[in-house]
Amino acid sequence: MNNRFKPVSRLTIVFILAVVISGGILTYFSINGISKLKEITEKRVIEEQRELATRFVASIQNKLEAVTIGFKNEIRQSGSMKDSLIKTATKHDFVILPFILRNNGSFIYPNFRDILENISKPTHSNRFKSAFRNGQDAEFVKKNLQIAKKRYLSCLNYSTRSNDSVKALNALGRISVKLNEYEDAIGHYKSVVLKYFEIVSEDGFPYAYFAVPQLLKITNPYNKEEIFQIIKIFLEKTETGLIPLNFNTEELLTLVNNWLQENSFNNIEKLAHIDELKKSIDQQLQFINENKVDLSEVLKKRGFNNKLESVNNFKVINSSTENYERLILINTNYKNPSGFLVDGEKLLDIILKSELQSEFEFDYNIEFPIKFDSNTTMDDLIYSSQLNPYFPSKKIQIKLNDENLLKELINRKSWTYGIATVLLLLALFLGVVLIIRDIAREKNLARLQSDFISNVTHELKTPLTSIYLFTELLLLKRVKKESDKDEYLSIILRESERLKRMMNNILDFSKSEIGKQEYRFVRSNLASIINAAIHEMDYWFENDKFDVIIELDENIDAKVDAEKIKQVMGNLLSNAFKYSTDKKKIVIRLYKKKKEIHIEVEDHGIGISEEKIPRLFEKFYRVDQKEGISGTGLGLTVVRDIIEAHGGKISVSSIIGKGSIFSITLNHNLAKE
Ligand code: ADP
C-alpha cells in the first residue's frame, strides 16, 4: 500500500511546488505591474503625443500634395493653365487663390496691369480723330453739350473698329450724364462694360474704369437696378481677370461700396454675391501688393534656391509674420511660373478638425502656443516641438484633454490588477488546501486498507481455528458423549456461518465497488427473512444470555432480494451482539408506518459518539474502541449499499454508553404487487 502511495505523493508535492512557484511569479509580476502602471501609462501618453505630432505634420504634407497633384492631373486633362489653377483652388478651402506670372515677375493672373505698362496705344482713323476733336471742342471749349452730343454721335457712325466705338461711347456716356439723360448714359456705358471691357485708352486705362464712376454718379432711383447689374458684370469680369486690376481698382471698390450703402438693396443673395466678388478682388490686390517683391526675387534666384522646401516641384515660400501664416506654392519650371496662395491658419484648422486621433487611447488638445517652453518635463505630459518644415515660426504643443481621466485609469487598472492578484492568491491557496486534504484522505484510506487486511486475517483466523480444532477432535474420535459431539458439530456450523457472512460482506463490497452487484428482487415475507437472520445468531445470543425481544409484523410482504436483506440483518445483529457490554438486550422491530416499512435493531451497548456517526458507513471505517473488538469495517458499508439498492435509507441514533438504534426505512412501493 505504501509503495503505491509514495509516487503519487511525490508527484503531488512537485505539483504543489509548481503551483506555488508559478503563483509567486505571477504575483510578483502583478505587483510589479501595479507599481509600474503610472510609468507605463505615461510612456504610452508620450508615445501617442509623438505619433499625433507626426500625423499632424504628415497631414500638412498630404494636403499640400493634394493641391499640387490635383493641379497636375487637371492640367493634363484640360491643358489650360489658368482654368486648371482656378479649378484646383476652388477644390481646397485653404487655397486662397492661384496665380500665374510672367518671367519678369509681372502678373498674368490675377490680371494686374500698371497703367503705363505694356501699353499698345489704340489707333484711330483720321476721319474719326477730327470728328472726335470737334466733339471735344463743343463739350469743353464752347460748352455746348447738345452740339457735343451730336458730334460724338456722328463719331460713332464713323467708327470702323472697336477702338473708335468705345471712345465715342465713353464720350456719349459722359455727355448724357451731364445732360441728366440717364437712360442714354446707362445704355452707352453698358456697351462699354459688356462689349469693350478689354480696350484701354491712350493712357493705358481700361474704358470700363471710366464707365463705372460715371454710372455711380447717377442718383435716379429708377435706374439703380440697371446700374447694379452693370456693376455686377464689371466686378465679375474683374474678378476673373478679364478686366485687369490696376492702382485704381481699390478706389473704385470704395466708390462701389459707398454707392451700395446709399442705395438700399433688399436682395440679400445678390448683395452676398457682390460682396464675395469684392472680397476676392481685394484678396487679389492684397496678394499682389504683399508678394510682388518676394515672387520676383524667387524668379531671379530660380534654379539656385535649393534652400526652399518643396512639394512635387512646387517650392514653398513662407511669408510669415508672428501670427500670420501664408504659404505660397510656386512652380518655376513652367513657361509661366505659377502656383497657389495658401491660408496656413485655415490649413491647420482643417487638419485639427480631421480624424487624427482615431485609435488613440486618450484624447489630446493640439495648440500652437506663441510662447514656447521647450523645458517641459515628462511629468507635465506635454509634447512640444517646432511645426516644421513649412511653418518654421510655428510651434505645436500637445496636451492631454483631461488629466484626471489618466489618473482615474491608473487607479482603475491598479484596482483590477490588485483584485485579480488577490483572487489568484486565494485560488492558489484553495488549490493547495484541497490537494493537502486529498493527500490526507488518501493516507487515511491507505491506513484503513492496511488495517482491513490485518483485521480480515484475524477475523478469518478465529472461526477457522475453532473449525479446525473441533473437526480434528471429532475425527480422532476422542469425544465420547453424543451430546458433546452434537455441540462440536453445531460450533463448526456456526463458525462456518460467521465465516460465510464475512466472506459475503467482502464479496458484496468488492462487487459493488466495481458496480457488478446483482439483485434478484422476489416478493418475500420480511418477518421470515428477519427471523432466519436472528435464528443464525441464536447460539451466540443464548450463549451470552442476551435478552432478545422480537417485535415483527408478520404480514409485511415486499419485493426484495431475500438473501441480501438477510445479510443486512445478519450484519446489524452481529454488530449489536459485538458492541454490547453489560446490558445484553437487543430489540428487533418490523412495522409499517405512514405507508413506509421500518426495520429497527436496537442494542444497549457501547454506543457511538455523535461526530463519528456520519462516517460509520464509509468503507473500512471502524471507530477506535478500547474493547478491541475485531471487525473489517465493511459490514455497514455493505448494509448501506444493499438498502440503497432497494431504494431505502438507513439511519443511526446512538448515545455513547447507552446503546444504538439502526433504523432502515423501505419505500411502501416495494410492498405493492
Ligand atoms: P465492523 O466489522 O468493524 O463491525 P462495521 O461496518 O459493521 O464494521 O461497523 C463499523 C463500525 O461501526 C464498527 O467498527 C463500530 O465501531 C461501529 N458500530 C457498528 N455497529 C455498532 C453498534 N451497534 N454499536 C456501537 N458501534 C457500532
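Worth knowing before you read on, the calculation uses all heavy atoms, side chains too, and leaves out hydrogens, waters and symmetry mates. Ligands are counted one by one from 1 in listed order, and the atoms in each one are counted from 1 as well.
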Could an N or O of ligand 1 be found under 3.5 Å from any N or O of [X], whether backbone or side chain?
X	result
G607	no
N575	yes
K578	yes

Item to complete: Using non-hydrogen atoms of the residue, decide whether S660 is closer than 4.0 angstrom to ligand 1.
Response: yes
Worksheet item: V623 heavy atoms, cut-off 4.0 Å: which ligand 1 atoms fall inside?
Response: 14 (O), 16 (O)
Fill in: Flag if over 12 foreign heavy atoms under 6.0 Å of CZ, F368
yes
So which of [options] gets nearest to [atom], if we judge by its closest heavy atom?
atom	options	value
atom 1 (P) of ligand 1	F452, Y579, F617	Y579
atom 8 (O) of ligand 1	G631, G633, G659	G633
atom 17 (C) of ligand 1	L616, N571, I586	L616

Worksheet entry | N/O donor-acceptor pair under 3.5 Å between R622 side chain and I629 backbone | yes
Worksheet entry | Plane angle bin for F521 and H646 - parallel if under 30°, tilted between 30 and 60°, otherwise perpendicular | perpendicular
What part of [X] sits under 4.0 Å from ligand 1 if we count only heavy atoms: the side chain, the backbone, both or neither?
X	value
F662	side chain
I608	side chain
D603	side chain

Is there a donor-acceptor contact under 3.5 Å linking the side chains of [X] and [Y]?
X	Y	answer
Q61	Y390	yes
Q567	D508	yes
N455	H458	no
R501	N504	no

Worksheet item: Looking at Y539, does the NZ or CZ of R494 lie under 6.0 angstrom from its six-membered ring centre and within 45 degrees of the ring axis?
Response: yes
